[in-house]
Amino acid sequence: MEEERRAGNRKLAGWCQNFILSMADLDDQVRDFSTVKNLDDGSDSSDRSCRKGHKSTLPLVKPLSVEMDKETGFRRSVQMCLEHIREAMLRHRWQEAADYMASYPQILEDRNGATAVLYKEVVWRICTEILHHHPRATMESCNITYERMKHSGVKLYLTICLEHCFHLLLNGQMEEAKQQLSVAESWRYGKESATQHHKVQLIQAYRSLLDYIIWCDKRRTRSKNNPFDSDHQDLHNYFRQASVHLQEILKSPGVWDPFILSYVEMLEFYGDHVEALNVLNNYALNKRFPPNPNAHVFLYQFLKRHNTPEKKLIKVLKNLHVLVPSHELMLEYSYFLLQSEKIGDSQKALGVLLEMLDFACWRSNLDVWRCLQAVVQDLRLRDDWERIVQEQMASRQDWWPVLHFTSFHAAKDSKENPQLWKVKSSLLKILCPGRTLGYSGKKR
């Protein structure tokens with residue numbers, strides 16, 4: 001058994017070595033391709049005449065069929081190899097996938113510069129997937145492979161650095177992950193493009209997130225007796241480091257949920273509630289940012305933690321309702337509207353609850369149906385309550401009974417949730433008048 005284990009380790013090490021050598025040769029192959037391309041673009045007069053539209057009198061030379069067959073066979077063989085790798089990975093046969101992967105990097109010998117980056121990315125992603133799941137893979141082999149892949153092409157450098165950081169974090173190597181992001185943050189190649197700028201910005205954000213995580217660890221272990229000791233100073237230093245980049249990244253439109261929560265938590269810890277509220281308001285209400293339901297949820301939770309008046313809470317939930325009418329907070333929104341003394345809020349609550357029940361996920365929720373029952377009872381105090389209910393149900397009469405009031409639903413609710421059956425039975429004639437449905441009879 002020990003001999004088999006050692007043989008397996010040597011086999012995996014050999015595969016990793018072959019892969020690394022293949023990646024190291026890629027830059028030379030791409031440079032060779034560029035040289036050939038420059039030679040083809042030479043200043044020969046016959047080439048210039050052809051580019052000017054003059055037809056050459058030289059006969060065209062047909063390519064050798066042997067070379068075409070060779071190229072076709074090469075492409076076919078690497079494609080078959082890729083199919084075997086895919087099949088082995090789908091079935092979690094990682095050693096078999098590693099064996100085939102030892103041959104697949106031959107695709108990097110393809111001299112087509114247009115697909116060179118694509119091949120490198122395919123090899124990178126398959127290789128890391130195998131290494132992450134192979135039972136004999138080590139952190140050393142993963143780190144070496146990541147380092148070699150980073151330098152196989154500049155277009156993938158920052159992306160691979162970020163994934164390498166995630167791999168280190170999953171293995172508990174916090175400081176190593178932060179070091180990787182620090183190196184990537186200072187990396188530059190040529191004229192900075194928009195894509196490169198966004199990736200650097202993302203790397204800075206994740207580096208700040210690591211500072212926040214370290215800040216959380218130090219907050220738990222700090223001394224509470226002396227606020228001026230070294231623990232408190234280190235804690236504040238990590239807060240300042242994290243804040244610098246978090247402030248910058250939150251100026252750029254995007255979805256930054258984990259970074260927002262981290263920054264707000266630190267601001268609340270230091271008592272800067274005004275700045276925390278400004279950050280959340282800007283994140284939720286800034287029109288330059290994409291619509292994001294979570295932004296309104298974060299703002300609502302913050303306001304609720306700090307005992308904000310219900311009027312402001314209702315305003316936030318109203319914005320959330322526009323984006324996600326089926327959100328679980330819509331039940332709280334309905335309660336607020338029901339308790340409000342403002343004329344017309346009960347009618348709004350009716351619409352909110354009916355929109356929630358338009359979604360099958362709330363079909364068996366007793367709290368939603370009870371709230372709907374309370375809203376209907378409140379509306380019945382008005383003379384025009386029947387008109388209000390029928391206006392809301394006019395567009396639902398064709399499909400709501402099938403969604404909520406069939407004989408199947410009646411039998412299921414009667415058996416599994418008698419209270420729900422009772423509430424729905426009381427609402428049947430109000431919501432769907434004139435219908436003979438499963439809830440119209442006695443409880444089974």
Side-chain angles (χ1 to χ4, degrees), residues 261 264 273 276-277 280-281 283-285 291-396 400 403-405 409 413 416-432 439:
L261 290 177
V264 169
H273 298 158
L277 181 59
L280 291 171
N281 271 322
Y283 190 52
L285 304 177
N292 182 5
N294 289 339
H296 299 277
V297 174
F298 300 154
L299 178 58
Y300 173 77
Q301 292 172 342
F302 176 86
L303 294 175
K304 195 173 181 180
R305 283 198 302 270
H306 295 281
N307 301 319
T308 304
E310 288 185 2
K311 184 177 180 180
K312 291 185 177 180
L313 296 177
I314 290 175
K315 186 176 180 180
V316 177
L317 292 176
K318 180 180 178 181
N319 294 328
L320 178 61
H321 175 256
V322 174
L323 296 177
V324 188
S326 62
H327 198 279
E328 59 184 2
L329 286 178
M330 293 304 100
L331 186 57
E332 289 190 35
Y333 184 33
S334 303
Y335 284 133
F336 286 141
L337 293 173
L338 184 60
Q339 295 169 5
S340 173
E341 297 179 356
K342 187 176 178 180
I343 299 176
D345 280 354
S346 295
Q347 186 174 345
K348 292 180 182 178
L350 175 65
V352 171
L353 291 168
L354 291 178
E355 287 188 5
M356 286 187 72
L357 291 169
D358 287 344
F359 295 85
C361 57
W362 296 107
R363 183 165 52 193
S364 300
N365 190 283
L366 180 59
D367 292 332
V368 176
W369 285 100
R370 279 178 171 172
C371 188
L372 178 60
Q373 186 183 42
V375 169
V376 170
Q377 290 174 354
D378 187 70
L379 285 173
R380 294 185 72 171
L381 300 176
R382 299 173 53 173
D383 295 335
D384 58 344
W385 72 272
E386 291 183 345
R387 178 189 60 80
I388 295 174
V389 173
Q390 291 309 311
E391 284 180 356
Q392 292 283 354
M393 292 298 300
S395 60
R396 295 180 168 91
W400 241 64
L403 182 64
H404 294 294
F405 293 110
H409 295 134
D413 293 339
E416 299 179 2
N417 197 340
Q419 292 180 323
L420 178 62
W421 185 93
K422 185 178 180 179
V423 174
K424 291 174 70 174
S425 298
S426 68
L427 294 171
L428 175 60
K429 292 182 180 180
I430 298 174
L431 299 177
C432 304
Y439 288 86

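Side chains are part of it too, since the values below use all heavy atoms of this structure and drop only hydrogens, waters and symmetry mates. For reference, positions follow the sequence shown, starting with 1.
- Residue F405 comes nearest to K424 through the heavy atom pair CE2-O, 3.6 Å, listed as atom of the first residue, atom of the second, then distance.
- The ring pair (Phe, Tyr, Trp, His ring centres under 6.0 Å) check on Y283 picks up F289, with sequence neighbours excluded.
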Evaluate side-chain contact (heavy atoms from CB on, under 4.5 Å) for L357 paired with N365, printing each intermediate quantity in order. CA-CA 9 Å; L357 291 169; N365 190 283; over 6 Å; no
Contacts under 3.5 angstrom, residues 309-331 side chains, donor-acceptor by atom type, not counting sequence neighbours:
{"unit_1": "N319", "atom_1": "ND2", "unit_2": "K315", "atom_2": "O", "d": "3.4"}
{"unit_1": "H321", "atom_1": "NE2", "unit_2": "E355", "atom_2": "OE1", "d": "2.8"}
{"unit_1": "H327", "atom_1": "ND1", "unit_2": "L329", "atom_2": "N", "d": "3.0"}

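- The number of heavy-atom neighbours closer than 6.0 Å to CG of L381, taken from other residues, nucleotides and ligands shown, is above 12.
- Note that CD of E416 and OG of S364 are 8.0 Å apart. Values are rounded to the nearest 0.5 Å.
- You'll find the side chain of L338 stays beyond 4.5 Å of the side chain of D345, heavy atoms only.
- Considering only residues two or more places apart in sequence or on other chains, H296 meets the ring pair (Phe, Tyr, Trp, His ring centres under 6.0 Å) condition with none of them.
- Here the straight-line distance linking atom CE of M356 with atom CH2 of W369 works out to 11.5 Å at 0.5 Å rounding.
- Residue L431 comes nearest to V389 through the heavy atom pair CD2-CG1, 4.1 Å, listed as atom of the first residue, atom of the second, then distance.
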Decide side-chain contact (heavy atoms from CB on, under 4.5 Å) for F302 and N281; before the verdict, give the C-alpha distance in whole Å, the side-chain angles of both, and the deciding distance to 0.1 Å. CA-CA 10 Å; F302 176 86; N281 271 322; over 6 Å; no
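- The minimum heavy-atom distance between A349 and S334, with the atom names listed, is CB-O, 4.0 Å.
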Test L277 against V264 for side-chain contact (heavy atoms from CB on, under 4.5 Å), laying out the working first. CA-CA 8 Å; L277 181 59; V264 169; over 6 Å; no
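- Contacts classified as salt bridge (Lys or Arg N to Asp or Glu O under 4.0 Å) and involving residues 363-378 (residues at least two apart or in different chains) are not found.
- Annotation: ring pair (Phe, Tyr, Trp, His ring centres under 6.0 Å) contacts involving residues 334-361, sequence neighbours excluded, are absent.
- Evaluation of the side-chain contact (heavy atoms from CB on, under 4.5 Å) rule for E391 yields R387 as partners, not counting sequence neighbours.
- Scanning both residues, W400 and M393, for their nearest heavy atoms gives CE3-CE, 3.8 Å.
- More than 12 heavy atoms of other residues, nucleotides or ligands lie within 6.0 Å of CG in D384, so this atom counts as buried by the packing criterion.
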